[in-house]
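Here the structure comes first, spelled out in structure tokens, and everything after it is commentary.
Computed from a predicted model, the values in this text were never measured in an experiment.
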Amino acid sequence: MTNFNENWSRLESVIVWAGMSVNGFAHYIGLSRAENLYQIKSGKNGISRNLVNRIVESFPQISAAWLLMGEGSML
């Protein structure tokens, strides 16, 4: 369960850094709804490469390696 909590912690850090709500962030990166993000928050899903790609396309300053695996720094 720790891994899921770490996934959400990293994702939440990006959302807070972007100054958005979870729903606003989901729409901004091209998701039709925030359900996938809430699944990560609840621990049911991890962060997928597809999600990382969407985030990095919208926010190129975010590190894909950090988002996926916690390696390095967020920016």
Side-chain angles (χ1 to χ4, degrees):
M1 191 73 169
T2 301
N3 190 26
F4 289 121
N5 290 339
E6 291 171 3
N7 285 333
W8 174 250
S9 179
R10 290 193 303 273
L11 184 56
E12 184 179 41
S13 294
V14 175
I15 294 168
V16 168
W17 172 85
M20 298 181 180
S21 68
V22 174
N23 288 325
F25 184 81
H27 289 287
Y28 188 84
I29 64 170
L31 299 175
S32 58
R33 42 189 218 139
E35 183 62 27
N36 186 31
L37 304 182
Y38 288 116
Q39 295 289 330
I40 294 167
K41 183 177 183 178
S42 71
K44 293 180 182 175
N45 291 342
I47 298 174
S48 69
R49 289 190 185 276
N50 180 45
L51 179 61
V52 169
N53 289 339
R54 286 177 179 267
I55 292 169
V56 172
E57 284 175 12
S58 297
F59 301 100
Q61 55 275 67
I62 301 297
S63 164
W66 175 81
L67 199 49
L68 267 176
M69 298 170 281
E71 295 177 356
S73 61
M74 182 174 92
L75 302 174

Which residues share a ring pair (Phe, Tyr, Trp, His ring centres under 6.0 Å) with F59, sequence neighbours left out =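 Scan of F59 (ring pair (Phe, Tyr, Trp, His ring centres under 6.0 Å), adjacent residues dropped) gives W17, F25, Y28.
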Distance (rounded to the nearest 0.5 Å) between R10 CZ and N5 CG =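 Interatomic distance, R10 CZ to N5 CG, rounded to 0.5 Å: 11.0 Å.
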How long is the gap from CH2 on W8 to CD1 on I47, to the nearest 0.5 Å?
-> 9.0 Å
In chain order, what residues pass the side chain to side chain contact (heavy atoms under 4.5 Å, CB included) check against Q39, with sequence neighbours excluded?
-> E35, S42, K44, N45
Say whether L75 and I15 are linked into one hydrophobic cluster, either directly or through other cluster members, by side-chain heavy-atom distances under 4.5 angstrom.
-> yes
Work out which heavy atom in [X] is nearest to a heavy atom in [Y]; give both atom names and the distance.
| X | Y | value |
| --- | --- | --- |
| G46 | N7 | CA-ND2, 3.6 Å |
| H27 | S32 | CE1-O, 3.0 Å |
| G24 | S21 | N-OG, 2.9 Å |

Could you pull out all donor-acceptor pairs under 3.5 Å where a side-chain atom in residues 49-56 meets a protein atom, sequence neighbours excluded?
from, atom 1, to, atom 2, distance (Å)
N53, ND2, R49, O, 3.3
R54, NH1, I29, O, 3.4
R54, NH1, G30, O, 2.9

Validation: residues 60-72 side-chain donor-acceptor distances under 3.5 Å, sequence neighbours left out:
from, atom 1, to, atom 2, distance (Å)
S63, OG, A65, N, 3.4
S63, OG, W66, N, 3.1

Scan for ring-ring contact (aromatic ring centres under 6.0 Å, His included) pairs involving residues 31-58, sequence neighbours excluded, and state none if there are none.
-> none
